Structures are given as structure tokens and as C-alpha cells.
Asker: 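Here it is, the structure, as C-alpha cells.
Sequence positions, counted from 1, serve as the residue numbers for this chain. All of these numbers come straight from a predicted model, not from anything done at the bench.
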Amino acid sequence: MVMASTRTGGRKRCGVALLLAIFVMALATALVVATLEAERMRYMSLRNTMQWESARYAAEAGLNEAFARLATDIDWRDGIATTEFPEGSGMTYTVAVSEGADGEVEVSSIGRAGGFSRRLNSTVKQGG
């Protein structure tokens, strides 16, 4: 009869060890999943920030091209059709140019990168 109680006690210890092992595995799994999710969110945030800034740089490129055209031709008002810059990058800009008050020229450039668009506006006073 003593042997039977020893065997039962050993089974209880094995059961507790098994439950403890399952608990530790579940805890480790939860930590790994939480870490992976945090890294995924960090990556998405970085990607969005890069595209947001790239859209701004594309809009600035459009403004700079418009300023260069205005510097060579004071009467230029055609604007710039959608242009990919740098070529093959997927980033584009479009520029609209219009007359403003008192000889000013309104320049508006929209840059696009990824799912983001950024608009930059500038007023240029020509002449003295």
C-alpha cells in the first residue's frame, strides 16, 4: 500500500511539472508575439515617415524646377505636368503656376511618394 501512494505522489509531481512547463511556454510565446508586433509597428511607422518625407522632397524638387524655369523665362506660367523624380523612384511632383497680385507669381507643387501627398506653396516677387 505504501508503494501505491508513492506512485500517486510521483504522478502529482509530473502533473505539476507539466503544467509549469506549459505555463512557461505560453509566457515565452506571448513575449515573442508582443515583441514581433512591436517591431512590425516600428517598421510601419518608419516606412510611413520615410514616404511622408519623400513626398516633401518631391514637392521641393517641383518648386526648384519651377524657380529655374521662372529664372530663365519671366513670363512662364505653364506649370509642370506630373514628373517622376528621380527616374524610377516612384516619387512624383506636379506644379501649378499662376499670376498673383502686384506682379507676384504663385507656385504650388504637390509631391507624392507611396500613399502620401505633400503640397508646398510659394509666392515669388519678380523684378525689383
Side-chain angles (χ1 to χ4, degrees):
M1 191 134 294
V2 175
M3 289 176 93
S5 65
T6 304
R7 287 184 186 163
T8 304
R11 286 184 190 159
K12 286 182 183 177
R13 286 187 205 137
C14 287
V16 170
L18 180 61
L19 286 175
L20 182 62
I22 290 173
F23 175 75
V24 168
M25 285 176 46
L27 184 62
T29 301
L31 288 172
V32 167
V33 168
T35 301
L36 289 175
E37 181 64 18
E39 289 302 314
R40 186 180 73 82
M41 293 299 287
R42 192 173 309 171
Y43 170 76
M44 288 173 46
S45 175
L46 177 62
R47 184 192 66 203
N48 288 344
T49 299
M50 288 174 56
Q51 288 178 351
W52 175 256
E53 291 301 320
S54 293
R56 178 175 178 214
Y57 297 143
E60 286 180 5
L63 281 180
N64 286 325
E65 183 176 343
F67 296 155
R69 289 187 185 191
L70 284 169
T72 59
D73 181 5
I74 197 166
D75 296 320
W76 175 77
R77 302 291 185 273
D78 295 335
I80 302 170
T82 301
T83 303
E84 185 176 24
F85 183 79
E87 200 170 306
S89 68
M91 297 186 307
T92 62
Y93 61 81
T94 306
V95 179
V97 182
S98 61
E99 288 291 331
D102 291 331
E104 295 176 343
V105 178
E106 302 291 329
V107 181
S108 178
S109 178
I110 300 173
R112 292 179 183 84
F116 294 96
S117 293
R118 303 273 305 262
R119 177 187 296 268
L120 297 177
N121 298 313
S122 180
T123 302
V124 178
K125 177 75 171 173
Q126 293 182 322

Asker: Is a side-chain N or O of D73 found less than 3.5 angstrom from the main chain of R69, in a donor-acceptor match?
Answerer: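 Checked: no pair found.
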Asker: Could you tell me the separation between the OG atom of S109 and the CZ atom of R56, rounded to the nearest 0.5 Å?
Answerer: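 So the OG of S109 and the CZ of R56 are separated by 11.5 Å.
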Asker: Same cluster for L120 and F67 if Ile/Leu/Val/Met/Phe/Trp/Tyr side chains link at under 4.5 Å?
Answerer: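 Cluster IDs for L120 and F67 match.
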Asker: Once side chain to side chain contact (heavy atoms under 4.5 Å, CB included) is applied, do any residues pair with W52, and if so which ones, sequence neighbours excluded?
Answerer: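 For W52, the residues satisfying side chain to side chain contact (heavy atoms under 4.5 Å, CB included) (neighbours in sequence not counted) are F116, R118.
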Asker: Closest approach of G111 and A58, non-hydrogen atoms and distance?
Answerer: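 Closest approach of G111 to A58: CA-CB, 3.9 Å.
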Asker: Check the hydrophobic clustering (I, L, V, M, F, W, Y; side-chain heavy atoms under 4.5 Å; chains of links allowed) and say if L63 and I80 are grouped together.
Answerer: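 Cluster IDs for L63 and I80 match.
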Asker: For M41, is there any backbone N or O sitting under 3.5 Å from a side-chain donor or acceptor partner on S45?
Answerer: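 Not confirmed, S45 side chain does not pair with M41 backbone.
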Asker: Cluster question for you: counting only ILVMFWY and a side-chain heavy-atom cut-off of under 4.5 Å, with indirect links fine, are M91 and V95 together?
Answerer: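 No, M91 and V95 fall in different hydrophobic clusters.
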Asker: Identify the heavy atoms of K125 and E104 that sit nearest to each other, and give their distance.
Answerer: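 Shortest heavy-atom separation between K125 and E104 comes out as CD-CG, 3.9 Å.
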Asker: Supply the atom-to-atom distance L46 CG to R42 CZ, rounded to the nearest 0.5 angstrom.
Answerer: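 Here the interatomic distance stands at 10.0 Å.
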Asker: Please enumerate all residues that pass side chain to side chain donor-acceptor pair (under 3.5 Å) together with R47, with sequence neighbours excluded.
Answerer: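 Applying side chain to side chain donor-acceptor pair (under 3.5 Å) to R47 gives none.
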Asker: Testing the basics here: between A61 and F85, what is the closest heavy-atom pair and its distance to 0.1 Å?
Answerer: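 Nearest pair, atom of A61 first, then F85: CB-CD2, 3.8 Å.
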Asker: With side chains defined as the heavy atoms from C-beta onward, is the minimum distance between R77 and L70 less than 4.5 Å?
Answerer: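 The answer is yes, as the side chains (C-beta and beyond) meet within the 4.5 Å cut-off.
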Asker: Cluster question for you: counting only ILVMFWY and a side-chain heavy-atom cut-off of under 4.5 Å, with indirect links fine, are V124 and I110 together?
Answerer: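 Different clusters: V124 never reaches I110 through Ile, Leu, Val, Met, Phe, Trp or Tyr contacts under 4.5 Å.
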Asker: For residues A55 and A113, report the shortest heavy-atom separation together with the two atoms involved.
Answerer: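 Smallest interatomic distance, heavy atoms only, reads N-CB, 3.6 Å.
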Asker: With a 6.0 Å cut-off (strictly less than), is the heavy-atom count around CD of E37, excluding the residue itself, greater than 12?
Answerer: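 Yes - once you tally the heavy atoms of other residues, nucleotides and ligands closer than 6.0 Å, there are more than 12.
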Asker: Is it the case that the side chains of T92 and E84 hold a donor-acceptor pair, with the cut-off being a distance below 3.5 Å and no angle test?
Answerer: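 The criterion, which ignores hydrogens and geometry beyond distance, is not satisfied for T92 and E84.
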